Number of protein chains: 2
Amino acid sequence: MPDRTASAPNEADRFARAREKQAVALLEDYVELIGDLIAEAGEARVADIAHRMGVAQPTATKTVGRLKREGLATARPYRGVFLTEAGAALANRVRARHRTVVALLKAVGVPEATAELDAEGIEHHVSEKTLAAFEAFLKDRQA
Amino acid sequence: MPDRTASAPNEADRFARAREKQAVALLEDYVELIGDLIAEAGEARVADIAHRMGVAQPTATKTVGRLKREGLATARPYRGVFLTEAGAALANRVRARHRTVVALLKAVGVPEATAELDAEGIEHHVSEKTLAAFEAFLKDRQA
DNA sequence: AAGGCAGTATAGCACAGGCTATATTCCGCG
DNA sequence: CGCGGAATATAGCCTGTGCTATACTGCCTT
Ligand SMILES: [Mn+2]
Ligand SMILES: [Mn+2]
Ligand SMILES: [Mn+2]
Ligand SMILES: [Mn+2]
């Protein structure tokens, strides 16, 4: 018997995984942005988050609520939003991954502006293994 | 004045674009799969679509309904699902892009299985420009 | 100290995309 | 022929992510 047991995921698993990544994509972008705002302005206000994300203010408020539920952020009503340790760690990982994805795209010939645009979506589907491959490729390139 | 007018999209635009791509991702995967099923089995039944997508049958039925509304598919109740001309054209573009994304990932050192997994999500965020760059890169590589 | 405005939260709506449970239809077989 | 099981559709639920309209707070300014 060829034994494909527990080896190659099938098509359905692949789709399920993509759906899962999509579900966390928004949270990743939010924590990254909140981290940016805190670094830039010292605080992350809901209005600024909404503006930078391109959504209405109540939408940002609601998503921040989800971040709180997931243990990624805290917020005092009518005050700013803060990242938990887990949130800050995620933000840093996401930011680094974003940069690597952009760099990889540019390295294979994608124009900078396009790389920035496409990376915003692509990044969330780049696994640890793929990220490692990207980094290795970039290192070789530069050598 | 540096004049950034109508040139670089800002952060909010970038996020909006990623959200838009995400909204059509599911439709793309469905039409590609329906095309595959028709090619393989001569017809695309809702049960097979559901099974291959890894969702429950009513979920597939509902999404097929959306494909119909968007002019990508037709379906006769209790019979199979068919692609419109637009749907078939989209399926072909999506299938080709999928293959190119997998090939690019492998070309930069991503293991095949990982490439297949990640490509399922990445593909939907690869713009025409990025796709063209990928193709050019692959062509050079092989030369 | 108080008022007003800006910022935030809440209410309530729509739609996508999951699900289970159930109704309906089709079709092959006895 | 007609019946029963398989396939499909429908009903009804939940959550997420958007929106607008409106209520509430906090704080700056007079
Ligand atoms: Mn992103
Ligand atoms: Mn990003
Ligand atoms: Mn896909
Ligand atoms: Mn695909």
Side-chain angles (χ1 to χ4, degrees), chain A residues 12-34 37-38 41-82 120-121 124, chain B residues 12-34 37-38 41-82 120-121 124:
Chain A
D13 292 337
R14 224 167 62 212
F15 287 129
R17 226 182 74 121
R19 284 194 298 267
E20 179 54 33
K21 301 276 185 180
Q22 195 175 72
V24 296
L26 194 72
L27 300 185
E28 293 183 341
D29 282 335
Y30 266 78
V31 294
E32 183 184 357
L33 175 55
I34 291 167
L37 285 169
I38 290 173
E43 64 173 356
R45 307 298 302 228
V46 167
D48 297 329
I49 296 170
H51 181 246
R52 294 268 289 260
M53 287 296 304
V55 298
Q57 167 261 311
T59 300
T61 299
K62 204 184 284 190
T63 304
V64 167
R66 194 178 155 213
L67 292 179
K68 288 197 277 183
R69 267 187 288 134
E70 311 245 348
L72 297 170
T74 59
R76 301 203 317 284
Y78 292 96
R79 300 308 207 289
V81 179
F82 312 90
E120 200 57 76
H124 308 285
Chain B
D13 292 338
R14 225 169 59 213
F15 287 128
R17 224 181 76 122
R19 282 194 298 266
E20 179 54 33
K21 301 276 184 178
Q22 195 165 288
V24 296
L26 195 72
L27 300 184
E28 293 184 341
D29 282 335
Y30 266 78
V31 294
E32 183 185 358
L33 175 56
I34 291 166
L37 285 170
I38 291 172
E43 64 173 356
R45 307 299 303 228
V46 167
D48 297 329
I49 297 169
H51 180 247
R52 295 269 289 258
M53 286 297 303
V55 298
Q57 167 260 311
T59 301
T61 299
K62 203 184 284 187
T63 305
V64 167
R66 194 176 154 213
L67 292 179
K68 289 198 278 185
R69 265 187 288 137
E70 311 245 349
L72 297 170
T74 59
R76 301 203 316 284
Y78 291 96
R79 301 304 209 289
V81 179
F82 313 91
E120 199 58 75
H124 308 285

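Below, each value reflects all heavy atoms present in this structure, side chains not excepted, and no hydrogens, waters or symmetry copies. First the proteins, then the strands, lettered A, B, ... as listed; each starts at 1. Fair warning: this is a prediction, and the values are worked out from it, not measured in the lab.
B:His124 approaches B:Glu28 most closely through the heavy-atom pair ND1-OE1, 2.6 Å. Closest non-hydrogen pair, B:Arg19 versus A:Gly54, comes out as NH2-O, 3.2 Å.
Note: OH (B:Tyr30) to C1' (C:dG17) measures 9 Å, nearest angstrom. Separating the CG atom of B:Leu26 from the C1' atom of D:dT17 is a distance of 15 Å, rounded to the nearest angstrom. Atom CD in B:Glu43 sits roughly 13 Å away from atom C1' in C:dC26 (whole-Å rounding). In this structure, the OH atom of B:Tyr78 is 9 Å from the P atom of C:dT24, given to the nearest Å. To the nearest angstrom, C1' of D:dT15 lies 9 Å from CZ of A:Arg66. Atoms CD (B:Glu28) and P (C:dA16) sit 17 Å apart, rounded to a whole Å. The nearest whole Å value for the distance from the CG atom in B:Asp48 to the P atom in D:dA6 is 15 Å. One atom, CG of B:Leu67, and another, C1' of C:dA16, lie 13 Å apart when rounded to the nearest Å.
Contacts of A:Ala47 with the nucleic acid, taken as non-hydrogen atoms under 4.0 Å apart, involve only primed sugar atoms and P, OP1 or OP2.
Dashed line: the shortest gap from a side-chain N or O of B:Arg19 to OP1 or OP2 of D:dC19 is not under 4.0 Å. Checking the phosphate oxygens (OP1, OP2) of D:dT8, a side-chain nitrogen or oxygen of B:Arg45 falls inside 4.0 Å. Regarding contacts with the backbone of C:dC19, a side-chain N or O of B:Thr59 is found under 4.0 angstrom from either OP1 or OP2. Remark: A:Thr61 is in phosphate contact with C:dA9, judged by side-chain N or O atoms under 4.0 Å from OP1 or OP2. Contact annotation: A:Arg76 side-chain N/O to D:dT25 OP1/OP2 distance is not under 4.0 Å. Dashed line: the shortest gap from a side-chain N or O of A:Arg79 to OP1 or OP2 of D:dC27 is under 4.0 Å.
Comparing B:Ala23 and A:Pro77 along DNA chain C, the residue whose closest nucleotide (by nearest heavy atom) sits nearer the 5' end is A:Pro77.
Between the base of D:dG16 and the side chain of A:Lys62 there is no donor-acceptor pair shorter than 3.5 Å. Side-chain N/O atoms of B:Gln57 and base N/O atoms of D:dA7 include no donor-acceptor pair closer than 3.5 Å.
To the nearest 0.5 Å, the span separating CZ on A:Arg52 from CD1 on A:Ile34 amounts to 11.5 Å.
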